[in-house]
Trainee: 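Sending over a structure as structure tokens; questions will come in a sec.
Remember, it's a predicted structure, so these values are computed and weren't measured experimentally. The basis for the numbers below is simple: all heavy atoms, side chains too, and nothing from hydrogens, waters or symmetry mates.
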Amino acid sequence: MAPDPVSQFASWFADAVEAGLPEPNAMVLATSSAGGLPTARTVLLKGYDQQGFVFYTNYESRKGRDLAENPRACLLFPWHPLRRQVRVEGKVTKLPREDSAAYFHSRPYGSRIGAWASRQSAVVRSRDELDARFRELAERWPEDPPLPDFWGGLRVVPSEVEFWQGQIDRMHDRLRYRHTKAGWTLERLAP
């Protein structure tokens, strides 16, 4: 195992990419409201480094509201064909506005209009209403829609990262990195 979880993640992520897994950057994001109501959904990892794991979202969505109330999350990378998974727990911070803007402007035009058109997690009367809003915004910004103030990046700063490798007879390998004042501690957990 690598001396830190991000280096170990980089190795396993490269294995998932090399294996040709569809969307190896797909991860389950679990959040909970201030009242403790949990929810989970799949989002896409858009970057990672020693500071943490990055994804982008509408801050007014359910996940955005949950994270504003309770800025802690859990990520799960389920790489089933490799019999591997990685679980990340940590606090969540917003990315600087300039980082969100750089990523937003690198997205395809339709995705940028879609970020404006979808009031993510809000009830809509019909698909027609959603499509009409998309067309209206595409007419307003035919070339370069601006970054919405309700949209941007979030970083999960890991406090714990577990690497799970499936083995026969359910004697799986579970190796957990925990962040302490002295740095990262690596522990083996019983399966």
Trainee: Looking at E18, I want to see if its CD is surrounded by more than 12 non-hydrogen atoms of other residues, nucleotides or ligands under 6.0 Å.
Mentor: no
Trainee: Measure from NZ or CZ of K46 to the centre of the six-membered ring of Y103 and say whether it is under 6.0 Å with the direction within 45° of the ring axis.
Mentor: no
Trainee: So, F9 versus F53, ring centres under 6.0 angstrom or not?
Mentor: yes
Trainee: Has R84 got its NZ or CZ under 6.0 Å from the middle of the six-membered ring of W12, at an angle within 45 degrees of the ring axis?
Mentor: yes
Trainee: Would you say the ring centroid of F104 lies under 6.0 angstrom from that of Y56?
Mentor: no
Trainee: So, for Q8 and A2, which heavy atoms are closest and what is the spacing to 0.1 Å?
Mentor: OE1-N, 2.8 Å
Trainee: Could you tell me if the side chain of V54 sits less than 4.5 Å from the side chain of L154, heavy atoms only?
Mentor: no
Trainee: Have T31 and K63 got a donor and an acceptor in their side chains that come within less than 3.5 Å?
Mentor: no
Trainee: Check whether any side-chain heavy atom of H172 lies under 4.5 Å from a side-chain heavy atom of W164, and answer yes or no.
Mentor: yes
Trainee: Just checking E98: does its CD atom have more than 12 heavy atoms from other residues, nucleotides or ligands closer to it than 6.0 angstrom?
Mentor: yes
Trainee: Hey, can you tell me if W79 and F13 have their rings parallel, tilted or perpendicular (30° and 60° cut-offs)?
Mentor: tilted
Trainee: Strictly distance-based, threshold 3.5 Å: is any side-chain N or O of S159 a donor or acceptor partner for the main-chain N or O of E89?
Mentor: yes
Trainee: Would you say R112's side chain and R107's backbone share a donor-acceptor pair under 3.5 angstrom?
Mentor: yes
Trainee: How close do G152 and S100 get, counting heavy atoms only, and between which atoms?
Mentor: CA-OG, 3.4 Å
Trainee: Please determine, by modelled atom types, if N70 and S32 share a side-chain donor-acceptor pair under 3.5 angstrom.
Mentor: yes
Trainee: Charged N to carboxylate O under 4.0 angstrom, E187 versus R174?
Mentor: no
Trainee: Please determine if E129 and R133 form a salt bridge, counting it only when a charged side-chain N lies under 4.0 Å from a carboxylate O.
Mentor: no
Trainee: Would you say R41 has more than 12 foreign heavy atoms packed within less than 6.0 Å of its CZ?
Mentor: yes
Trainee: Are D131 and R127 within salt-bridge range, i.e. N to O under 4.0 Å?
Mentor: yes
Trainee: Once rounded to the nearest 0.5 Å, what's the spacing between atom CG of L175 and atom CD of E162?
Mentor: 8.0 Å
Trainee: Answer yes if the ring centres of W116 and W151 are under 6.0 angstrom apart, and no otherwise.
Mentor: no
Trainee: Could you tell me if the side chain of S61 sits less than 4.5 Å from the side chain of T57, heavy atoms only?
Mentor: yes
